[in-house]
There are 2 protein chains.
Amino acid sequence: MYDVAERSGVSIATVSRVYRTPESVRAQTRERVLEAARELGYVPSGNARGLASRTTGVLGLCFPDYADPDAEADAEADSDADDAVMLYSDQIIRGMERAARRHGYALLIAASLEGGPESLVAKVAGRVDGFAVLAQTVPTEDLEVISRRLPVVMLAGPREIDHLDHIVVANADGERELTRHLIEDHGLRRLVFVGGDTDSPDAEARFRGFREACRDAGLPVPDEPALRTTMMKQAEGALAAETLLDRGGERPEAMLFANDQMAVGALRALARRGVRVPQDMAVTGFDGIPLGRIVQPSLTTVRQPIRRLGEQAVELLVQRLSDTGREPVSLTLPVSVIRRTSCGC
Amino acid sequence: MYDVAERSGVSIATVSRVYRTPESVRAQTRERVLEAARELGYVPSGNARGLASRTTGVLGLCFPDYADPDAEADAEADSDADDAVMLYSDQIIRGMERAARRHGYALLIAASLEGGPESLVAKVAGRVDGFAVLAQTVPTEDLEVISRRLPVVMLAGPREIDHLDHIVVANADGERELTRHLIEDHGLRRLVFVGGDTDSPDAEARFRGFREACRDAGLPVPDEPALRTTMMKQAEGALAAETLLDRGGERPEAMLFANDQMAVGALRALARRGVRVPQDMAVTGFDGIPLGRIVQPSLTTVRQPIRRLGEQAVELLVQRLSDTGREPVSLTLPVSVIRRTSCGC
DNA sequence: ACACGTTTTGAAAGCGCATTCACCCTAGAT
DNA sequence: ATCTAGGGTGAATGCGCTTTCAAAACGTGT
């Protein structure tokens with residue numbers, strides 16, 4: 001910048017004005033400066049600009065390090081499927097990028113390796129005007145510290161820190177509606193719910209929705225899922241289905257799984273056992289993964305608006321940046337029941 | 001930082017060392033500093049750090065503003081397909097993010113709106129250690145200026161500036177191999193190639209591969225594609241197929257399209273006309289889009305390693321950052337022929 | 001007790017830009 | 001010719017950190 005100033009015979013203040021407030025510089029001067037900048041290959045330093053103006057024009061996203069384990073398993077069988085399917089994080093990135101672009105922000109993304117002062121999280125936090133965090137990505141204590149300095153919005157998880165904005169999807173509502181559909185529209189009565197680990201807020205919320213629907217319909221309300229799995233993967237879903245089949249007592253009419261992966265695994269297990277879906281058994285999932293559309297029979301499920309999650313995150317960040325004092329908000333994004341074949345539709 | 005220094009009774013230099021070179025600070029002092037930092041909610045400023053150290057730890061990516069037009073069209077018919085299918089840019093982002101993470105970099109992404117000094121491109125350029133550009137995203141003149149200051153790698157396009165690293169996929173090789181397959185393995189003789197606009201380097205390279213295969217097989221070598229379309233979309237592919245059908249002379253045995261979108265359109269048009277694929281007509285595409293797997297008959301095509309493109313981009317950037325003097329390199333990524341139903345396999 | 005080699009720490013000088021304040025110049029008004 | 005407004009410009013300061021360089025603290029051997 002000093003070079004540009006010298007070469008065009010002005011002060012650095014004028015060069016700065018050429019970029020920040022072009023109309024405040026006489027056209028002729030402006031041209032001289034731009035010409036010099038071109039000749040010298042001048043690229044304004046975002047760092048210096050950010051330092052001086054205390055703003056970066058960048059929003060951030062921290063997401064977990066994992067790739068969907070089942071996606072990897074599928075990929076082995078069919079390596080180019082891996083390139084075709086969007087993961088959770090891909091969709092959020094897409095949503096955030098689009099929304100950020102609309103507001104003139106760029107997007108800085110990083111998967112969190114581990115916590116600590118030198119993590120990528122710290123790098124992101126220091127370089128953005130605000131950022132979004134996927135639940136269980138950043139240690140709460142780090143978040144606590146960071147969120148005192150800049151806007152943070154928590155995505156798809158419990159609000160661990162109460163002064164943060166946060167966005168969740170309507171897990172309970174979705175599962176309740178899905179369950180209601182099975183009960184009222186298909187006349188099913190003996191339903192079982194297969195949940196996840198107790199520390200999965202999503203799975204717990206979905207179970208809650210299931211219970212509410214049972215209660216509303218006057219059916220028995222279970223205290224616990226019929227079964228819990230730890231990772232909610234396909235293999236566990238398959239195992240769960242078999243376990244439930246082998247369990248004594250009357251066979252259930254429907255198995256509701258806390259996510260699509262388990263449901264898909266169950267579909268395969270049931271096929272192996274000769275249990276016809278949906279005639280002998282209805283099966284449902286939750287999430288709306290692409291695989292659910294392809295599998296036979298196609299999977300009835302609840303679709304999460306993941307991309308909207310990203311878009312909303314940006315909106316909240318932008319809002320808060322323009323109104324620091326705003327009360328923390330907590331959004332719940334609506335989900336939609338996708339009726340396909342596996343429920344009997 | 002000054003506050004942290006004061007609160008912990010040390011100088012700012014020591015605070016800095018705690019974060020940059022923790023082992024050079026006595027453990028006891030370090031603890032005091034970290035404690036104070038925690039209490040004060042201290043988040044190191046990436047800007048200041050970048051300014052002082054002249055490095056950001058961030059790599060960038062600029063990609064075009066468009067969403068795949070056909071993808072949008074498909075999305076109207078089936079809105080959740082849109083969320084399931086990865087676009088070109090999504091795949092590159094994924095590849096770059098993974099590779100960047102391995103090297104300890106975060107990734108800054110921005111779609112280029114327009115050029116000019118205040119564009120997102122300029123923002124990206126000023127905030128990263130190096131970045132990748134998708135062809136036809138950034139005006140060459142801007143790139144010319146920027147690339148004199150930091151490493152830039154050009155992706156999937158002609159190297160407009162000769163001192164840039166750049167990466168392309170083996171368009172010609174792929175099409176040549178695909179054509180050879182049709183000729184040798186399926187014994188086809190009357191092949192026609194449907195190309196794109198002359199200013200599409202990809203389409204031209206693919207046509208070149210087609211010609212090479214014809215020449216190698218001793219078949220007539222056309223100077224021009226049998227037909228050219230401008231946008232290479234499905235509708236144009238359909239139209240092209242019909243035009244070729246209606247054209248006088250002997251009906252071709254195979255239609256090779258410059259991309260998958262056109263090929264899929266052609267598949268539909270041929271079905272409407274009662275031309276059986278692959279019995280009466282072989283059809284091939286190029287790209288390896290997910291749709292090609294689903295369509296009936298499934299589409300034989302050439303798959304581009306898009307994600308690898310992103311990974312390689314990061315590798316080149318990292319290399320160049322550690323060895324500024326390295327000669328510009330030009331990589332060509334191998335592609336793979338995917339034999340599915342539409343060619344007769 | 002003293003000298004000497006090692007850590008540890010501090011002081012100070014930037015890094016490249018935005019921004020305030022004061023100044024200068026040009027027009028139009030008097 | 002003198003004055004007044006304002007637009008256009010420059011000097012100077014500070015943003016928060018890294019990084020020498022030098023001084024202080026610490027340990028060790030004599």
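Order of the sequence lines sets the chain letters (A, B, ...), proteins ahead of strands, with each chain counted from 1.
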d([atom1], [X]; [atom2], [N]) in whole Å:
X: B:Q28; N: C:dT8; atom1: CD; atom2: P; answer: 11 Å
X: A:R49; N: D:dG16; atom1: CZ; atom2: P; answer: 18 Å
X: A:N47; N: D:dC15; atom1: CG; atom2: C1'; answer: 12 Å
X: A:L40; N: C:dG16; atom1: CG; atom2: P; answer: 13 Å
X: B:R20; N: D:dT20; atom1: CZ; atom2: P; answer: 12 Å
X: B:Y19; N: C:dT9; atom1: OH; atom2: C1'; answer: 18 Å
X: A:I12; N: D:dG10; atom1: CD1; atom2: C1'; answer: 9 Å
X: B:E23; N: C:dT6; atom1: CD; atom2: P; answer: 19 Å

Degree of bending, the helix from C:dA1-D:dT30 to C:dT30-D:dA1 (end axes from five pairs; round to 10°): 40°

Sequence-distant partners of [X], side-chain hydrogen bond (donor to acceptor under 3.5 Å, both in side chains), two or more places apart:
X: A:D129; result: A:T55, A:T56
X: A:E39; result: A:R7
X: A:S53; result: none
X: B:E315; result: B:H103

Protein proximity profile, nucleotides 20-26 of chain C - base contact B, sugar-phosphate-only contact S, no contact -, cut-off 4.0 Å on heavy atoms: B------

Between [X] and [N], does any side-chain N or O lie under 4.0 Å from OP1 or OP2?
X: A:S16; N: C:dC17; result: no
X: A:T29; N: D:dT9; result: yes
X: B:T14; N: C:dG10; result: yes

Inter-residue atom distance B:L164.CG - B:L143.CG, 0.5 Å rounding: 5.5 Å

Contacting residues from residues 1-11 of chain A, given that a heavy atom lies under 4.0 angstrom of DNA chain C: A:M1, A:Y2

Which residues share a side chain to side chain contact (heavy atoms under 4.5 Å, CB included) with B:D3, sequence neighbours left out: B:L40

Residues in side chain to side chain contact (heavy atoms under 4.5 Å, CB included) contact with B:A313, at least two apart in sequence or another chain: B:A132, B:V153, B:L155, B:I167

[X] side chain vs [Y] backbone, donor-acceptor pair below 3.5 Å:
X: B:R32; Y: B:S8; value: yes
X: B:R17; Y: B:V25; value: no
X: B:R30; Y: B:P22; value: yes
X: B:T21; Y: B:S24; value: no

Non-neighbouring partners of A:R38 that pass salt bridge (Lys or Arg N to Asp or Glu O under 4.0 Å), sequence neighbours left out: A:E35

Any residue meeting salt bridge (Lys or Arg N to Asp or Glu O under 4.0 Å) with B:E144, in chain and number order, not counting sequence neighbours: none

Sugar-phosphate only, base, or nothing, as touched by A:V25 at under 4.0 Å among non-hydrogen atoms: sugar-phosphate

With the criterion being N/O to N/O and under 3.5 Å, what pairs connect the protein with nucleotides 24-28 of chain D, and how long is each?
none

B:V128 vs B:V124, side-chain contact (heavy atoms from CB on, under 4.5 Å): CA-CA, chis, key distance, verdict: CA-CA 6 Å; B:V128 299; B:V124 170; 4.1 Å; yes

